[in-house]
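Here's the structure, in structure tokens; my notes come after.
Both backbone and side-chain heavy atoms feed into the values below; hydrogens, waters and symmetry mates do not. Computed from a prediction, not measured in an experiment: that's the story for all the values here. Just so we're on the same page: letters track the sequence lines, and every chain starts at 1.
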Amino acid sequence: MPSRSLEDRMKRLLSAALAAMVMVVPLTAYASTPLATVQMHVNSVLEILRDPSLKGEAKKKLRQDRIRNISEKMFDFTELSRRTLAQNWKEFSDSQKKDFIELYKTVLESAYIDKIMAYTDEKVVFQKETALTDKTSEVQTAVMTRKAEIPINYRVIRTDDGWRVYDVVVEGVSLVNNYRSQFREILMNKTPDDLLEILRKKAGKS
Amino acid sequence: MTMPDLATEAFPAQPDSDLQVTGGVMKYLAKMLSFIMLLAVPLCVAAEDPPDAAVTLSSHADGEHVSGITDSSTVSLPAVPLEESLNSDIDINDELLLLSLLEEAMQEHGITSDGGGVLLAQAETPRAGSVPEDDDVSEGDGDNGDFENNRIADPLYYWNLSMYHFNDKFYFWLLKPAAQGYKAIAPEPVRIAVSNFFQNLASPVRFAGNLLQLKLKNAGEELLRFVTNSTQGLAGFMDVAKSHYGIAAHDEDIGQALGSYGIGHGIYLVWPFLGPSSLRDTVGLVGDMLLQPVTYINPMETSIGIRVYDRVNETTFHIGDYEAMKKAAIDPYVSLRNGYVQHRKKQVKE
């Protein structure tokens, strides 16, 4: 009967579709989109913060190290540095660039790690991703506190090993943009070496 | 009209103070209305300025540009190079349409645009002295354009810097200890309720901000929120409009409305106690104050006292934010200035 064969065909189609889904799911879970990548990293940070075995003052150093490990995988510090210095980037020699990337990373990590570790019960909502150029995207997220919603956007760039964050925009304030304005002012009457010295002091303090 | 409710709702909260309610309400209403009118007038002038708009519009043909961030300085500034205009607001078509709509509406009501030109011209003058935006930026893509637009003229640097230091001390020596002490005795739900109450009192500001940008739906929602929260929300202590009806506040103010007309910041200004601002946003701030009933409470000491309480209450939710900014910054003054411009730009864009 035609109806029977239709049913059969439907069943086969369905099982084929199911099989295809089973095969596809692990692939997509392997962080292919900007949103999935950001979500994966942010969630692994939240896991560390919520992990009962990592609670307490004694484990603070351990938590910090774990979060630093994630930040290494999450951010593209070279891209971040290049964009922060913008037109001044070419004024730096190769070794100065290397020093700058390392120092800037240290300054950023020590500046924001306390802020990150202060997060506990706030929920993070991953909203959407918007393509900026053919190799950059912006992932919109929001941290929900009991009183307000804080929009945090991650700008990511496609690299050989997946999407990497090169800028974080909190309530409209771009980190790269903010530091660029500061470095720019310093470099107007100081040399790259002077700037590195300032960063070295800042990195050493905390 | 629901405005008299506002005043009567607001005033009984201070039973001991020496209030002049009836006179205050009328004065408040009159000032609010005349203020909205005053600000609406420059709109007409802006709408009658086609050559500049044409420049900006033609450059919009390039849809490739991703930033789409409002460049507040392009609309009536013909000297801006094409590349700068590329970053300008994508909604300019709509804005022009809205402007002409308002113009029509105003003509209908017999309002002329005479005198508005003076207002607009005053707002524009300082831009002549703003920083040149012709830097050769070769690195990066997309975000450098934004950056150039995030610069602000700072001719009053020394005043601003000393005010920055003053505010820094004010925060660490007075505001923060007060907020910490208050936080210790007032549980979070109480502080949120107080915050809601003041947010509700500021409804006229958001209402006017939305109206001046012709965001009529949002303006209507603000009005609805105000009525709902003032009654069902127990004089504004509960935000039932949001929690029960899903109508969230539309955060607009006069400065943002001015920004949406294409008026730039002018110059950066730091005010004692109030913090970072600009020429444009100071004008907006005065407007915001005139729209708030708290301003009309007599005696002035009571009015200021209420504002201080609002500020301390609000600060309890942000202890640590300023500290974090300072800790992260290489130059906190520059960081704060840039942060202010970026944040306001986002607000204007929304």
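- No other option in G320(B), S195(B), P332(B), A329(B) has as many heavy-atom pairs under 4.5 Å with chain A as A329(B).
- Contact annotation for R337(B): only side-chain heavy atoms (C-beta onward) come within less than 4.5 Å of a heavy atom of chain A.
- Residue contact with chain B, scored on non-hydrogen atoms closer than 4.5 Å, is absent for L175(A).
- Within 6.0 Å of NZ on K98(A) lie no more than 12 heavy atoms contributed by other residues, nucleotides or ligands.
- In this structure a side-chain-to-backbone donor-acceptor pair under 3.5 Å is present from N178(A) to S335(B).
- Contact check on E188(B) versus R146(A) returns a salt bridge, with a Lys/Arg side-chain nitrogen under 4.0 Å from an Asp/Glu carboxylate oxygen.
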Next on the checklist: Checking K327(B) against D114(A) for the side chain to side chain contact (heavy atoms under 4.5 Å, CB included) test, could you report, in this order, the C-alpha distance in whole Å, the side-chain angles of both residues, the deciding distance, and whether it holds?
Outcome noted: CA-CA 10 Å; K327(B) 194 184 171 198; D114(A) 288 338; 2.9 Å; yes
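- Q347(B) has its side chain out of reach of E171(A): every pair of non-hydrogen atoms, C-beta onward, lies at least 4.5 Å apart.
- At most 12 heavy atoms of other shown residues, nucleotides or ligands fall within 6.0 angstrom of atom NZ in K73(A).
- Heavy atoms of other residues, nucleotides or ligands lying less than 6.0 angstrom from NZ of K326(B) number more than 12.
- Taking CG from D331(B) and OH from Y179(A), the interatomic distance works out to 11.5 Å, rounded to the nearest 0.5 Å.
- In this structure, CD1 in I152(B) is found 12.0 Å from OG in S181(A), a value given to the nearest 0.5 Å.
- The pair E323(B)-K115(A) does not count as a salt bridge, with every side-chain nitrogen at least 4.0 angstrom from each carboxylate oxygen.
- Atom NE2 of H244(B) is surrounded by 12 or fewer heavy atoms from other residues, nucleotides or ligands within 6.0 Å.
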Checklist entry - Is there a side chain to side chain contact (heavy atoms under 4.5 Å, CB included) between Q342(B) and N177(A) once you walk through the steps? => result CA-CA 9 Å; Q342(B) 284 200 60; N177(A) 207 305; 3.3 Å; yes
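- Contacts between L199(A) and chain B at a heavy-atom distance below 4.5 Å involve the side chain alone, from C-beta outward.
- More than 12 non-hydrogen atoms from other residues, nucleotides or ligands lie less than 6.0 angstrom from CZ of F126(A).
- In this structure, CD in E185(A) is found 13.0 Å from CD1 in I330(B), a value given to the nearest 0.5 Å.
- Proximity to chain B (any heavy atom under 4.5 Å) is shown, for T130(A), by neither the backbone nor the side chain.
- Not one N or O on the side chain of Q182(A) forms a donor-acceptor pair closer than 3.5 Å with the backbone of V334(B).
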